[in-house]
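Side-chain atoms are counted along with the backbone in the values below, which use heavy atoms only and exclude waters and symmetry mates. Worth saying up front: this structure is predicted, and the values here are computed from it rather than measured. Throughout, protein chains are lettered first and strands after them, A, B, ... in sequence-line order, and every chain is numbered starting at 1.
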Number of protein chains: 2
Amino acid sequence: MDIEQTKIPQATAKRLPLYYRFLNNLHTQGKLRVSSKELSDAVKVDSATIRRDFSYFGALGKKGYGYNVEYLLSFFRKTLDQDETTRVALIGVGNLGTAFLNYNFTKNNNTKIEIAFDANEERVGSEVGGVGVEHIDDLEEKLGDISVAILTVPSSAAQGIADRLVKAGISGILNFTPARISVPSNVRVHHIDLAIELQALVYFLKHYPLNEEEAEEEQ
Amino acid sequence: MDIEQTKIPQATAKRLPLYYRFLNNLHTQGKLRVSSKELSDAVKVDSATIRRDFSYFGALGKKGYGYNVEYLLSFFRKTLDQDETTRVALIGVGNLGTAFLNYNFTKNNNTKIEIAFDANEERVGSEVGGVGVEHIDDLEEKLGDISVAILTVPSSAAQGIADRLVKAGISGILNFTPARISVPSNVRVHHIDLAIELQALVYFLKHYPLNEEEAEEEQ
DNA sequence: CCAAGTATGTGAAATCTTTAACGACTAACG
DNA sequence: CGTTAGTCGTTAAAGATTTCACATACTTGG
Ligand SMILES: NC(=O)c1ccc[n+]([C@@H]2O[C@H](COP(=O)([O-])OP(=O)(O)OC[C@H]3O[C@@H](n4cnc5c(N)ncnc54)[C@H](O)[C@@H]3O)[C@@H](O)[C@H]2O)c1
Ligand SMILES: NC(=O)c1ccc[n+]([C@@H]2O[C@H](COP(=O)([O-])OP(=O)(O)OC[C@H]3O[C@@H](n4cnc5c(N)ncnc54)[C@H](O)[C@@H]3O)[C@@H](O)[C@H]2O)c1
C-alpha cells in the first residue's frame, strides 16, 4: 500500500466504483474522451459533483477538453485496487446467498466469493455457482486469511456468526440480515436492509410528491 | 392522504422503517417503555439523532421517562401507512427475483409482491413463493393500478422495461440492475447496486483504517 | 411531598455534502 | 493566428445532517 490521501469524503468514496464501471463501459465502446457532463448523464450525478470528486485526486482532466478515458480508467484501476482480487466468504446459502453465488460479482469487479458456509447438512459439500459450500462448524478452520464476508443467514443467527467472524479475523462484513450487529470498532459493517429500502421508497412516494417536469433522482 | 408535515429531512425518513421494526420487536417482547439510549444501542444510530428524528413529529416522549412503546409504535404505524398494504410488481424472475419472491417482505411490512413478470416462456405460468409469473408482453394489461416495481432483469433490458413501466403508470422503481435508468421526474427510482456496495466496502477497508477501540458504524 | 435521578427536546455549533459560478486554459476551425 | 465554443478545477456559498450540551420536566423511592 502507499501514501494515503486520507481526506476523500465518504460520499465521494461510495461513488468511485460507480464511476469506474461507467468508465469501463466507455472504454469498451471505444470512446477516447469524456466530459463531466456526459458522465453526469450516464451515472445521474451532478456534473459539478463529479468534477469535485475527481479533483480530490488531483488534476485528472484537461480544461476545454474533458477527461481521457484510458488515463482516467487506469488511474481508478489503481485507486480502487482493481488489480488484486479481494477474496470474500459468504455465510448462509439460502435464497439470497444462492443468488449471490450464482452471480459472483466477477463480471466487473475485483472481488470474488471463494468459499461459502451453511448449517444445513444437505447443502454442505455441494457447489453453487462454482463455489464449494462448507459446514459452518468449520468456519474458523477454513476461512484462512479471507477478510471480507457477506452475511445472508437468518437474522437470529447473525450476531453469533458475526462474533465468530470477528474472532476469526475478518475486517469487513456486508450484512443483509435485518439484525443490527455489534462488532469491535476495528471491523467495518455495512448494512443492506432490503425490506427497509422498499419501505423507504413507499414512504417517499407517499410523502415527497414529485413534480411533473424532467430530470431524475438520487440513490 | 392528509396534510403534509413536509419538512422531514430525507435522512430521517430513511430511518423511520428501521425504528418501526425495532419498536415492533420491543413490543413483541412486552417492553412498555424505551429510551433513546436503548434504541440507539439496538439500531446503531446516535441517541441525539434519534431524539432529533422523533422531534420532527412533535413531542412523542416524556422527559425523565422516555417513550411509551405502544404509543410510539401506533404513531409510526400511522405515519408509515402500515395499515394499508402497498402492492408491488417484480420484473425478472431470475436469481435475485426468485429470492425476493420467496421472501416477499410480508413478515414485517406493509408491502407485498402481488405479481411477477418474465420473458422466459418456461417460467411464465408458474408460481414462485406463491406469486404467479406472467409474460412480460402482458405487462401493461396485467399491471393494473400497482404503483411500485422491483426491477431484477438483466441490465441491458432495464431501460426498456423502465420505459414501459412508466407508460403503464408506475410511480416508484426499486432498481437492482447496474444500469442507471432515466425516468420522468414524477417517477422515483432508488438504485440498489450490490456490486458497488461490495466494492465500496472493500475500498473503505483499504483506505479508511479503523481504530482498535469500541463502537461501530453507519450504513 | 421532596430530593435525587433520569431522559427529553432543542438551540447552537460542528461537520459533511452539494451546487453555483467563473477564471483559466484547450482544441479546432476558418 | 485569432476567435469561438467548450470544459476543467476551484472558491465560495448554500444546504443538509449530525452532534453537543443543557434547561426543563417528569419519575421514583423514601
Ligand atoms: N431473500 C430475500 O429476499 C431477503 C430480503 C431481505 C432480507 N433478507 C434477509 O437475508 C437473510 C437471508 O435470507 P434468505 O431468504 O436467503 O433466507 P434463507 O432461510 O433462504 O437462507 C438462510 C440460510 O442460512 C442457513 N443458516 C441458518 N443458520 C445458519 C448458521 N447458524 N450458520 C450458517 N448458515 C445458517 C440456512 O441453512 C439457509 O440456507 C435473512 O436474514 C433475511 O431476513 C432476505
Ligand atoms: N444475482 C445477484 O446476486 C446480483 C447482484 C448484483 C446485481 N445483480 C443484477 O440484478 C439483475 C438480475 O440479476 P440475476 O442474477 O437475477 O439475473 P438472472 O439472469 O438470473 O435473471 C434475469 C431474469 O430476467 C428475465 N428477463 C430477461 N429479459 C427480460 C425482459 N425483457 N423482460 C422480463 N424479464 C426478462 C430472465 O428471463 C431472467 O429470469 C441483473 O441486472 C444483475 O446485474 C444481481
Do the rings of A:Tyr103 and A:Phe105 sit parallel, tilted or perpendicular, given the 30° and 60° boundaries? perpendicular
Whole Å only: how far is the CG atom of A:Leu60 from the C1' atom of D:dC8? 11 Å
Of the residues in residues 61-74 of chain A, which ones touch DNA chain D at a heavy-atom distance under 4.0 Å? A:Gly61, A:Lys62, A:Lys63, A:Gly64, A:Tyr65, A:Gly66, A:Tyr67
Passing option when B:Asn95 is tested against A:Asn102, A:Asn95, A:Thr98 for side chain to side chain donor-acceptor pair (under 3.5 Å): A:Asn102
Between atom CZ in B:Arg33 and atom C1' in D:dT28, what is the gap in whole Å? 9 Å
Note: B:Gly92 and B:Thr152 closest approach over all heavy atoms is O-OG1, 2.7 Å
Quick one: A:Ile8 CD1 to C:dT17 P, roughly how many Å, whole number? 12 Å
Between NZ of A:Lys37 and P of D:dG6 the distance, given in whole Å, is 12 Å
Counting heavy atoms from C-beta on, name the nucleotide in C:dT17, D:dG9, D:dT17 closest to the side chain of A:Ala59. D:dG9
Just call it for B:Ser36: base, sugar-phosphate, or nothing, with non-hydrogen atoms closer than 4.0 Å on any strand. sugar-phosphate
Answer yes or no: does a side-chain N or O of B:Thr49 lie under 4.0 Å from OP1 or OP2 of D:dT18? no
What is the separation between atom CZ on A:Phe57 and atom P on D:dC8, rounded to the nearest whole Å? 17 Å
Can you find a heavy atom in the side chain of B:Val69 that is under 4.5 Å from one in the side chain of B:Leu32? no
Report yes if the side chains of B:Glu197 and B:Asp193 come closer than 4.5 Å at any heavy-atom pair, otherwise no. no
Below 4.5 Å, heavy atoms only, C-beta onward: do B:Val202 and A:Asp81 meet side chain to side chain? no
Below 3.5 Å between N/O atoms, which protein atoms pair up with nucleotides 1-4 of chain D? Just atom names and distances, please.
none

N/O donor-acceptor pair, side chain B:Arg52 with base C:dT8, under 3.5 angstrom: no
Do the ring planes of A:Phe176 and A:Phe100 sit parallel (below 30°), tilted (30 to 60°) or perpendicular (above 60°)? tilted
Checking contacts here: which listed nucleotide (D:dT17, C:dT17, C:dT19) is nearest the side-chain heavy atoms of B:Ala11? D:dT17
Between B:Ile50 (CD1) and D:dC20 (P), how many Å, whole number? 14 Å
From CZ of B:Arg51 across to P of D:dC20 the rounded distance in Å is 11 Å
Identified ring-ring contact (aromatic ring centres under 6.0 Å, His included) partner of B:Phe54 from the options B:Tyr71, B:Phe76, B:Phe75: B:Phe76
Which sits closer to the 5' end of DNA chain D, A:Ser55 or A:Glu38, going by the nucleotide each is nearest to? A:Glu38
Where do B:Thr12 and B:Asp53 land on the side chain to side chain donor-acceptor pair (under 3.5 Å) test, with the steps shown first? CA-CA 6 Å; B:Thr12 297; B:Asp53 282 348; 2.6 Å; yes
Whether B:Arg15 contacts D:dT18 is assessed here as follows: a side-chain N or O lying under 4.0 Å from the phosphate OP1 or OP2. Is that the case? yes
Can you check the A:Tyr56 OH to D:dC8 P distance for me, whole Å? 16 Å
Before you tell me yes or no, could you show the steps for B:Gln159 and B:Asp163 under side chain to side chain donor-acceptor pair (under 3.5 Å), namely the whole-Å CA-CA distance, both residues' side-chain angles and the distance that decides it to 0.1 Å? CA-CA 6 Å; B:Gln159 184 64 58; B:Asp163 292 344; 2.8 Å; yes
